[in-house]
A.B. asks: 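One structure, pasted below without further comment.
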Amino acid sequence: MDERLRKQLDFALEVDKEKNIFRQTHLSGHGRNENDAEHAWHMALMAYLLKEYSNEPVDIAKVMLMCLIHDVVEIDAGDTYAYDADGLKTQKEREDRAKERIFSLLPEDQKADLIALFDEFEAYETPESKYAHAMDNLQPLILNNSNGGSDWKEHGVTSSQVYGRQSKTKLGSEKLYQEVVDKIIQEQIRKGNIKE
């Protein structure tokens, strides 16, 4: 087999492992915990559907690819819960090691392209990365809300924690923050599922 094709297929098989990384967020309808691949697919589709609400025009194909690859590193690094202070301290180091190993399976040009895209997402500076992050924040929020806030309640999450994380959503979509995010948080605080 051609070496380039072999590397591409090796990478394709490796990223299948993302389906085995389970998150704290549950599927809608109080389903099982979602996995990273489901999260990535869901936010990529949401990015396309909601693109008109991005603060700035974006290359939607680039945003969708960012969404699809942003958690591939968790194959090695594991999922770091958004409100896990200890886990967040080592997240970048763990993910940097994983990024190098996993993307190194690819031919050099594709490795460079995907690492650049991953790093752009993490840097939070371009319109595409800001909008992709808005989807990364919005997707679990709407799932948690659809499940009556049970994930927030189970983990004892506070309003300052949720607002702290969601404040970055505004950088990608002010409208989604105002029309969806803030309203969900306020409703879940009133219901006692997010602590004040």
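It should be emphasised that the depicted structure is a prediction, and the values quoted were computed from it without experimental measurement.
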A.B. asks: Grab the two heavy atoms, one from E34 and one from L143, that are nearest each other, plus how far apart they are.
C.D. replies: OE1-CD1, 3.6 Å
A.B. asks: To check you understand the geometry: which heavy-atom pair defines the closest contact between L5 and D2, and what is its length?
C.D. replies: N-OD2, 3.0 Å
A.B. asks: Which residues pass the side-chain hydrogen bond (donor to acceptor under 3.5 Å, both in side chains) test with S129, sequence neighbours left out?
C.D. replies: T126
A.B. asks: Check whether any side-chain heavy atom of I69 lies under 4.5 Å from a side-chain heavy atom of F121, and answer yes or no.
C.D. replies: no
A.B. asks: How close do N35 and K19 get, counting heavy atoms only, and between which atoms?
C.D. replies: ND2-O, 3.1 Å
A.B. asks: With a 4.5 Å heavy-atom cut-off, do E95 and E74 have their side chains touching?
C.D. replies: yes
A.B. asks: With a 3.5 Å distance limit and no angle check, can you tell me whether D36 reaches the backbone of D79 through a side-chain donor-acceptor pair?
C.D. replies: no
A.B. asks: I need the I75 CD1 to E14 CD distance, nearest 0.5 Å.
C.D. replies: 5.5 Å
A.B. asks: State, yes or no, whether a side-chain contact exists between L138 and L50 at a heavy-atom distance under 4.5 Å.
C.D. replies: yes
A.B. asks: Can you see which heavy atom on P140 is nearest to which on D136, and at what distance?
C.D. replies: CD-O, 3.0 Å
A.B. asks: If every non-hydrogen atom of L27 is compared with every non-hydrogen atom of E38, which pair is closest and at what distance?
C.D. replies: CD2-OE1, 4.0 Å
A.B. asks: Can you check whether K170's main-chain N or O pairs, donor with acceptor, with N55's side chain at less than 3.5 Å?
C.D. replies: yes
A.B. asks: Would you indicate whether the side-chain heavy atoms of L176 and M135 approach each other to under 4.5 Å?
C.D. replies: yes
A.B. asks: Please name all residues satisfying ring pair (Phe, Tyr, Trp, His ring centres under 6.0 Å) with Y83, sequence neighbours left out, ordered by chain then number.
C.D. replies: Y81
A.B. asks: Would you indicate whether the side-chain heavy atoms of Q188 and V162 approach each other to under 4.5 Å?
C.D. replies: no
A.B. asks: OG1/T80 to CD/Q24 distance, rounded to the nearest 0.5 angstrom?
C.D. replies: 10.5 Å
A.B. asks: Considering only heavy atoms from C-beta outward, does the side chain of L141 approach that of I185 to under 4.5 Å?
C.D. replies: yes
A.B. asks: Got a sec, which residues hit ring pair (Phe, Tyr, Trp, His ring centres under 6.0 Å) with H39, two or more places apart in sequence or on another chain?
C.D. replies: H70
A.B. asks: Under a 4.5 Å cut-off applied to non-hydrogen side-chain atoms, are K62 and E128 in contact?
C.D. replies: yes
A.B. asks: Got a second to check how far I189's CD1 is from K191's NZ, nearest 0.5 Å?
C.D. replies: 12.5 Å
A.B. asks: Is the count of non-hydrogen atoms from other residues, nucleotides or ligands lying under 6.0 Å from Y124 atom OH greater than 12?
C.D. replies: yes
A.B. asks: With sequence neighbours left out, what residues match Y53 under ring pair (Phe, Tyr, Trp, His ring centres under 6.0 Å)?
C.D. replies: none
A.B. asks: Side-chain heavy atoms nearer than 4.5 Å, only ILVMFWY residues, links allowed to pass through others: does that put I142 and Y163 together?
C.D. replies: yes
A.B. asks: Look at atom NZ of K168 and say whether more than 12 heavy atoms of other residues, nucleotides or ligands are closer to it than 6.0 Å.
C.D. replies: no
A.B. asks: Keeping N144 on the side-chain end and W152 on the backbone end, is there a donor-acceptor pair under 3.5 Å?
C.D. replies: no
A.B. asks: Please determine whether residues F103 and I21 belong to a single hydrophobic cluster, defined as Ile, Leu, Val, Met, Phe, Trp and Tyr linked transitively by side-chain heavy-atom distances below 4.5 Å.
C.D. replies: no
A.B. asks: Taking NZ, NE, NH1 and NH2 as the nitrogens, is one of them in R190 or E187 under 4.0 Å from a carboxylate oxygen of the other?
C.D. replies: no
A.B. asks: If I take atom CG from residue D16 and atom CG from residue N20, how far apart are they, to the nearest 0.5 angstrom?
C.D. replies: 7.0 Å
A.B. asks: Salt-bridge test for E100 and K111: reply yes if a basic N is under 4.0 Å from a carboxylate O, no otherwise.
C.D. replies: yes
A.B. asks: Given L114, which partner from the list V72, L65, D109 fulfils the side chain to side chain contact (heavy atoms under 4.5 Å, CB included) test?
C.D. replies: L65
A.B. asks: Is a side-chain N or O of S167 found less than 3.5 angstrom from the main chain of G164, in a donor-acceptor match?
C.D. replies: yes
A.B. asks: Would M66 and Y131 count as a side-chain contact (heavy atoms from CB on, under 4.5 Å) here? Give the steps.
C.D. replies: CA-CA 10 Å; M66 274 184 189; Y131 181 59; over 6 Å; no
A.B. asks: Between C67 and A132, what is the shortest heavy-atom contact and its length?
C.D. replies: SG-CB, 4.2 Å
A.B. asks: For the residue pair I102 and F118, establish whether any side-chain heavy-atom pair is separated by less than 4.5 Å.
C.D. replies: no
A.B. asks: Are V73 and M43 connected, step by step, through hydrophobic side chains (Ile, Leu, Val, Met, Phe, Trp, Tyr) whose heavy atoms are closer than 4.5 Å?
C.D. replies: no
A.B. asks: Examine distances only and state if a side-chain atom of Y48 and a backbone atom of M64 form a donor-acceptor pair shorter than 3.5 Å.
C.D. replies: no
A.B. asks: Say whether, by atom type as modelled, one donor and one acceptor occur between the side chain of Q166 and the main chain of N137 under 3.5 angstrom.
C.D. replies: yes
A.B. asks: First locate atom NZ of K153, then atom NE2 of H155, and finally report the distance between them rounded to the nearest 0.5 Å.
C.D. replies: 14.0 Å
A.B. asks: Counting N and O atoms only, with roles assigned by atom type, does the side chain of N147 sit under 3.5 Å from a partner on the main chain of S150, one being a donor and the other an acceptor?
C.D. replies: no
A.B. asks: Under the rule for side-chain hydrogen bond (donor to acceptor under 3.5 Å, both in side chains), what residues qualify as partners of T158, not counting sequence neighbours?
C.D. replies: S160, Q161
A.B. asks: Which residues pass the side-chain hydrogen bond (donor to acceptor under 3.5 Å, both in side chains) test with R97, not counting sequence neighbours?
C.D. replies: E93
A.B. asks: Atom CZ in R23, atom CZ in R32: separation rounded to 0.5 Å?
C.D. replies: 12.0 Å
A.B. asks: Between Q110 and R4, is a side-chain contact (heavy atoms from CB on, under 4.5 Å) present by the stated rule, with each step listed?
C.D. replies: CA-CA 10 Å; Q110 289 183 321; R4 180 177 178 83; 3.8 Å; yes
A.B. asks: Under a 4.0 Å N-O cut-off, is there an ion pair linking K99 with D96?
C.D. replies: yes
